[in-house]
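One structure is given here, and the rest of the page talks about it.
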Amino acid sequence: MSDLKVLRLVKKSEGDLPVKAFTAEAVAEPEPKPAVTPSIKPVSATPIKSFPGSRKQPQKQKPQEQPNLSREEMLEIFRMMYLSRRLDDKEIQMKGQNRIFFQISGAGHEAILVAAGMCLKPGHDWFYPYYRDRALCLQLGMTPLEMLLESVGAEADPNSHGRQMPSHWGHKKLNIVSQSSPTGTQLLQAVGCAEAGYRVKLIRELKKLVRGFHNDEVVYVSLGDGTTSEGEFWEALNTACNLKLPVVFLLEDNGYAISVPVEVQTAGGDISKLISGFPNLYRQRCDGTDPIESLATMRRAVDNCRKNRGPSFVHAKVIRPYSHSLSDDEKLYRGEAERVSDAEHDPLKRFGALLVQEGIADQDELQKLKDIVDRDINEAADLALASPQPTPETVLDFIYSPSIDPTGPEFDTEDLLELSGNPGTMVDLINRCLHTEMKRDQRVIVFGEDIADCSREESLGQVKGKGGVFKVTANLQREFGSARVFNTPLAEANIVGRAIGMATRGLKPVVEIQFFDYIWPAYHQIRNELALLRWRSGNEFSAPMVIRVPIGGYLKGGAIYHSQSGVSLFTQIPGLRVVYPSNALDANGLLRTSIRCDDPVMFFEHKHLYRQAYNKSPYPGDDFMVPFGKAKTVREGADLSIITYGALVQRSLVAARQAEQQGVNVEIIDLRTLNPYDWNAIAESVKKTSRVIVAHEDTMSWGYGAEIAARISSELFECLDAPVRRVAAMDTFVAYAPQLEEAILPQVGDVLKAIMELRGY
């Protein structure tokens, strides 16, 4: 038998996409046999399904470049596919023995994934896989032991160090970015990862600052057919096509999202038809159970991206021979004929039969290969089971950066404060901080909706410029250019998801969500991705960035959807710093700390405070910083303490002055940062006055102050001479009519009333 066996499969060009949905029944139908070399005959028992070709030119298909593979390469493809399948089977066995705790397989997807891995470069390209991508990760260089270490929850697991479920891939050395469970969140991050390279090509100074940049790098991201129903799928395609980013989207279509079939998920049952209008998108489709066809397709898709022609989209039809996971039983919703059809198209079975039929290997050779794989897996399983799990005392490790502490003395320059120039508003000093930090650090990238001066650069000389709806980012684009300051689509998840991908590569995004009221589409990215990335990867990956968010009411006309507050929904998220200045000076220093620290930061800017005369300040200098977790005593007092932040600071000051006229001396503590908050300052004040009010703009029930009040009652009970009192918004929404807004939000009179009632307790 010759050492070299050449398989040449003539593949169709992209053309128009077929009307027929990709269902298990469709795959089982007879199709025209693919063109083959005379020395290779198709396996008649399991014909390889070909997708229908172009409707415009059905008889004139242009042959594509064909993969030429040696015997050794063919056997290695089979070995890798078998290795992936047997690792699934081993985990299933271990789950049945209660030695691991969850299993989700990549069975049926092996062929397209091995092919993808053969076309991509580990440690060079970047990878955002999903949970079916075991074979890809093996092909890139992850070992069976490393996978089984994750299965048993071992500390040595490079994917997550025992913190995530099995099949949640991550490997720093291979550039496999930590994967999470939420469906589709990886897509926007992959786009942001590719965009980091795109920005480097626009800004040469970034070349040494962006991690692992290569001029021909490709970002791979995969998804299942159900994920195409997520809005973030469409947002990711939109930006990737608009910027012509080198992203390979691999859709592994097994026909089901758990129990929901593709025709229920997708109008017409064929996502490829729905995305046909995207410009700059190189679309390919293939039988993902055929490794040779898959390899030819993936080579074209990756080559398109390497040549910077724009993103590629590969729609691979695969099967799911096992249930969704071991928590699912597909017999409850899939008929026997359908399951038999999948079994007949098992990529491992068909490719093994092809190797034997074409004389590339005989059954004995394949069995020897299988025996070696099985032995290696059993040995890896024994090693994994013997590997220790993380110790309980490590659970708090890597919630935040272990190397840069924004609560530390290096971020505290308040004692060295030197003010100069005319007093500026909060808008002025935030804007100036952005200017100085962008000059200082080329990695700082500013983007969001409407934040640029003018997206159409040819008009910049004719217009004043937008610079944000509140003018906070005015003239940043003029000074630093459109590569570093730019507008985004009206899509909040798009803004945050892309920023996470950029931050993972070493850029420092400072993004704006135009109004707090519209942050909710991005909450998924913030809660499940941004805040968790460092912890879930065991500090292998992180995404330090700043999200600036105008927030709050007291606007006279802001109404329901421009007056919301709800900081407690963010302060309860571990891994996220939450900052809320009440004046221009603190806003400048806290924003500078936020940009220079190594954690993700929510930076809340109260809209009512943006241009108030009472909170103005001269400029404090380009290195002025306020550390996190350091409150400010804005008024000394002996009779009663008010713990507050944001717009309630000034209202509390006014109420305190009125209370002074009635003989009550009130101390006011401005928290400035809400996570972390300065417990020591709170405790010292309460011990001094023995009476305390917690005042904030959140609603009374379940608002931020509830945690502070509960902790005071728990830890300082002996110091109290009266119950802890809260002043907050009513448990309703902010209305448009001014007198309704005034009744709903806490006013000076509400604070004064609470002071006098508590003083008289």
Applying side-chain hydrogen bond (donor to acceptor under 3.5 Å, both in side chains), name anything that partners Asp88, two or more places apart in sequence or on another chain.
-> Gln103, Arg134
With distance as the sole criterion, is a donor-acceptor pair present between the side chains of Thr228 and Asp225 under 3.5 Å?
-> no
Is Lys368 salt-bridged to Asp362, going by a charged N under 4.0 Å from an acidic O?
-> no
Residues in side-chain hydrogen bond (donor to acceptor under 3.5 Å, both in side chains) with Asp303, at least two apart?
-> Lys307
In terms of the angle between their ring planes, are Phe127 and Tyr220 parallel, tilted or perpendicular, with boundaries placed at 30° and 60°?
-> tilted
Sequence neighbours excluded, every pair satisfying ring-ring contact (aromatic ring centres under 6.0 Å, His included) that has a member inside residues 250-270 = Tyr256-Tyr333
In this structure, which one of Ser160, Ser178, Ser181 forms a side-chain hydrogen bond (donor to acceptor under 3.5 Å, both in side chains) with His168?
-> Ser181
Can we say Asp346 and Arg85 salt-bridge, meaning some charged N sits less than 4.0 Å from an Asp/Glu carboxylate O?
-> yes
Test item: side-chain donor near acceptor, Gln525 and Tyr523, under 3.5 Å = no
Are the charged groups of Arg334 and Asp342 less than 4.0 angstrom apart, N to O?
-> yes
Heavy-atom nearest pair, Ser167 first then Ile104, reads OG-O, 3.2 Å
Please say whether the positively charged group of Arg577, taken as NZ for Lys or CZ for Arg, lies over the ring of Tyr400, i.e. under 6.0 angstrom from the six-membered ring centre and within 45 degrees of the axis.
-> yes
Decide, yes or no, whether a salt bridge links Glu330 with Arg320 under the criterion of side-chain N to carboxylate O below 4.0 Å.
-> yes
Using 4.0 Å as the upper bound for N to carboxylate O, is an ion pair formed by Glu76 and Arg71?
-> no
Could you tell me whether Lys317 and Asp287 make a salt bridge, using a distance below 4.0 angstrom between a side-chain N and a carboxylate O?
-> no
Geometric class of the Phe78/Tyr82 ring pair [parallel <30°, tilted 30-60°, perpendicular >60°] | parallel
